[in-house]
Amino acid sequence: MKITKEQFKKDFKRRVREKFANEVEESSSDELFASLGSVIQAYYSNAWKDTRKDTRASQCKQAYYFSIEFLPGKMLKSNLLNMGLLDTVRDSLKEMNIDLEELCNVEKDMALGNGGLGRLASCFMDSIASCGLPGNGNGIRYDYGLFKQKFVDGNQVELPDEWLREGNVWEVRKASKAVNVNYGGHVYLKENERGQLKPVYENQQVLRAVPYDTGMLGYHNNMVNTLRLWSAEIPEFEENRYQSIEERRDFRDLTSVLYPDDSNYEGRLMRLVQEYFFVSAGIQSIILSQKKTGVAMLDLANYVAIHINDTHPALCVAEMMRILVDEEDLSWEKAWNVTVKTMSYTNHTIMAEALEKWPVSMLQEVIPRLYQIIEEIDRRFVEEMSLLVDSELVERTRIIKDGQVHMAHLAIIGSHSTNGVAKLHSDLLKGVVLHDFYLLYPERFNNKTNGIAQRRWLQLANEPLANLLDQTIGTSWRKEANDLHLLMNYKDDSKVLQQIADTKYTNKVRLAEYILKTTGIDVSPDAIFDVQIKRLHAYKRQLLNLLHILKLYFELKDNPEADIYPRVFIFGAKAAPSYTYAKHIIKCINEVANMINADEAIQGKLKIVFLENYNVSLAELIIPAADVSEQISLASKEASGTSNMKLMLDGAVTIATLDGANIEIRDIVGDDNIAIFGLTEEEVYRYYETQNYSALKIYENDPVIQRILNAFIDGTIPNIKVEGQEIFDSLIRYNDEYFVLRDFQSYVDAQKSIETLYRDKPRWQKVSLINTAHAGHFSSDYTVQRYAEDIWQIEPIRKVGNDSEQ
Ligand SMILES: *Cc1c(COP(=O)(O)O)cnc(C)c1O
């Protein structure tokens, strides 16, 4: 987009005056941010309108990405970058004595997601638009995002995230596109005058679903897709029906909170209503708009692809059937054909506790008609499959069993594509977890390894490195991430290696300042910055990291002169509020941090920093400053991981188990440029089979481990009487479900190799460069292009980066 500085300044000053009856010089940061956002939105409004117009006019097929979470973070800078206005705006503001960074800090993170799953959805939104693909998001506009985390005496405390308090400059309320979502009550079938069985509803409740649209801008291509988030309101005609305040509040609060659970399933009624709410609103709105352009329902799959991101939107299958059969009068067979062709599904986990299933009674209560439809889908599935395969296989794969509705089964049976999110994960789906379904529908299974938007995680988050790359290899990598490979030409160029190291140092200084300001802990940018940032979960094994820290600490206690390279261990992690064990690990890390940071005997060689409230913005600050990337989940548990990709892109060296996408990172950078350790997935499964793992034996035979674990229960680590005992018991009494002790020695060895490597500065710099040079492979641009070609069958309507600017 071409806007001169003069034009921008004029527009900006006028907007400040119009909005706040104020001059720029007299305005607060809040006012300036609000004005800037609204100017920027006005700049892209034409492109937004044109994108919509062009998709409608060409009647091209569009994808709709249904996700109960989106985690975009802040949008100001990324919008400016994608419009090609970042420098223009930054310079213009500077000439008006305004610091763009300061205005960026005013913006609240849009944190409508827990972690990786929601962040993936947002990287996809960026990449879909940047690749010129017609694809939109569909989700929930939560009034409160993921809770804000504070530490009080080392314990996690959750505070509400009132991200909408000052309004949201990017969203547009589209009241005219509101639809009604019905639920509850009773339903029975009655023959109509044409002899068709149609549902008759009694005592249904009605919610008005109001969409709020946010533009999703492509990088330098004038493409603006739509992220449509639904908010629940009580329709006017229903106002009197809700008797008590509580009753009314109940429903108005439907889209109030995001459930703060990650990798864990919680069967709460309100969550089920949320799921139905955004599914029903989304499908209705898609069908309405297709009908408006004259698309026949039988042809819907040629115009629309609907993606089910994890099982939370799996009701899409049944809702589509309801509309096609009950409202559009299609026969069941035809409707089913259309539905399966339209839907596709991504599985995100193999962890049993995360697999979503709902009691039949809850579905009957909340969505009685949808339950009837699911019963019919299940009945027909059983009938059809019983002719083809043995009855036990059918029993295992059916949707309704043991009084529960299995959402993954519904998603697989009702769609034409099921994908995992990394090679290993997809193989485990086919071979183990969903093997039964693989036998039934082998052609439906495929892999789509996750990816990350290099624009946010390198161009925006790490400008020093991005600018250096421009000078070194040119700017093409900004559009074609694989061109980062050109960096390999400089792997032995000591000048470039040193320049890259300098950018890392700059980023470490910036993070060190933030750490000092927010925690009072003084860390040296000359130390190794060793980073583990992700949700707190037993399978991610932050505990393994902590045990290694304690090992180093005791070594230094025994011998203050021990030759340990100074390290700063940096954590960022939220625990689900109901996940006691994870919260206890937070408490223990914080107490160990206090103990070690305050111990002068170790001469500051070890520092531990647990930063509060890990979110996208904090990730953008930490990742460019990381030397070491901790990806240490138990093999087979992390479906893909994406922070592993972000950290690699910014030049961190990975220490990792052979899990998720770590394997693909290893394959692409080579064994010499990553530190691999721990059990393989086969070895883990062998332990499950033979049942011959004994954590107690390891403990009894290893004095180092004894000393470390005893520190949790003998008062060595202060203030963790309850928490320390629980962690000790999880390892010894309950036999260490995640094989922390089994992997400990090999982790220690890998850490040692990291340290040795770091001491060899030229070698370290080269390894770091090799990681950045190969990270283009994990750009979500390529991931969404594979979705577009293999699954959605959609094509670009804009050229990639057809703007001439960089
Ligand atoms: C990338 C990201 C995640 C995912 O991290 P993993 O290590 O892949 O689990 C979670 N939260 C935020 C804020 C992120 O940016």
Side-chain angles (χ1 to χ4, degrees), residues 67 69-75 78 108-127 145-149 161 163 258 260-264 309-310 348-349 351 354 421-422 424-425 449-458 460-462 531-542 544-545 570-576 582 611-624 626 628-634 637-650 652 654-657 659-665 775 778-780 783:
S67 179
E69 302 189 0
F70 287 90
L71 191 51
K74 301 192 203 300
M75 272 180 292
S78 124
K108 298 264 196 308
D109 266 43
M110 185 174 180
L112 309 185
N114 275 285
L117 174 116
R119 184 53 232 173
L120 182 78
S122 285
C123 280
F124 280 10
M125 285 298 111
D126 178 315
S127 285
L146 184 62
F147 66 86
K148 268 203 189 141
Q149 179 194 53
D161 167 42
W163 72 292
L258 160 75
D261 250 304
D262 185 69
S263 306
N264 193 57
N309 188 33
D310 212 343
H348 281 270
T349 184
M351 304 243 301
V421 290
L424 172 68
H425 173 60
T449 300
N450 281 168
I452 54 164
Q454 76 274 16
R455 285 164 291 280
R456 180 169 292 266
W457 299 107
L458 178 51
L460 285 177
N462 196 346
V531 167
Q532 188 171 20
I533 42 174
K534 47 188 73 250
R535 283 301 285 261
L536 204 311
H537 210 292
Y539 83 82
K540 292 179 183 274
R541 299 200 298 188
Q542 281 91 351
L544 178 59
N545 191 344
I570 296 163
F571 292 90
K574 289 178 182 174
L611 290 170
E612 282 175 336
N613 201 37
Y614 178 58
N615 61 11
V616 171
S617 288
L618 195 51
E620 287 168 8
L621 184 65
I622 297 172
I623 289 169
V628 178
S629 163
E630 298 274 352
Q631 307 299 337
I632 60 178
S633 54
L634 174 65
K637 299 298 179 202
E638 189 74 88
S640 163
T642 47
S643 76
N644 45 3
M645 301 167 183
K646 301 168 195 163
L647 283 152
M648 159 196 198
L649 176 67
D650 283 49
T654 311
I655 178 166
T657 49
D659 199 14
N662 301 345
I663 296 174
E664 286 155 75
I665 294 178
F778 297 106
S779 165
S780 46
T783 316

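Ligands are counted one by one from 1 in listed order, and the atoms in each one are counted from 1 as well.
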* Give the residue, atom name and distance (to 0.1 Å) of the protein heavy atom nearest atom 11 (N) of ligand 1. => Tyr614 CE2, 3.5 Å
* Do the side chain of Asn644 and the main chain of Thr642 share a donor and acceptor less than 3.5 angstrom apart? -> yes
* Selected option - heavy-atom contact closest to atom 3 (C) of ligand 1, from Lys646, Glu630, Met645, Gln631 -> Lys646
* Give the numbers and elements of all ligand 1 atoms closer than 4.0 Å to a heavy atom of Gly115. => 10 (C), 11 (N)
* Asked: Do NZ/NE/NH1/NH2 and the carboxylate oxygens of Asp126 and Arg455 come within less than 4.0 Å?
  -> yes
* Structure fact -> So for Ile452 against ligand 1, with non-hydrogen atoms under 4.0 Å, the contacting part is neither
* Structure fact -> The answer for which part of Asn615 has a heavy atom under 4.0 Å from ligand 1 is backbone
* **Ring-face cation contact, Trp457 with Lys646, 6.0 Å cut, 45° max** => yes
* **With sequence neighbours excluded, residues passing salt bridge (Lys or Arg N to Asp or Glu O under 4.0 Å) with Lys74** => Asp109
* To do: Examine Trp457 against ligand 1 and note whether any of their N/O atoms are separated by less than 3.5 Å.
  => no
* Ile533 heavy atoms, cut-off 4.0 Å: which ligand 1 atoms fall inside? -> 7 (O)
* Quick one: nearest non-hydrogen protein atom to atom 8 (O) of ligand 1, plus distance? -> Thr642 N, 2.7 Å
* Give the atoms of ligand 1, by number and element, whose distance to some non-hydrogen atom of Val616 is under 4.0 Å. => 13 (C)
* Is it the case that Gln149 and Tyr614 place a side-chain donor and acceptor less than 3.5 Å from each other? -> no
* Structure fact -> If you scan protein heavy atoms around atom 6 (P) of ligand 1, the nearest is Ser643 OG, 3.6 Å
* To do: Compute whether any side-chain donor of one residue and acceptor of the other, for Gln631 and Thr654, lie under 3.5 angstrom apart.
  => no
* **Greater than 12 external heavy atoms within 6.0 Å of Lys148's NZ** => no
* Check side chain to side chain donor-acceptor pair (under 3.5 Å) between Arg119 and all other residues, then give those that pass, not counting sequence neighbours. => none
* Counting each atom of ligand 1 from 1 as listed, which ones have a heavy atom of Gly641 under 4.0 Å away? -> 8 (O)
* Mode of Lys540 contact toward ligand 1 - side chain, backbone, both, neither (heavy atoms, under 4.0 Å) -> side chain
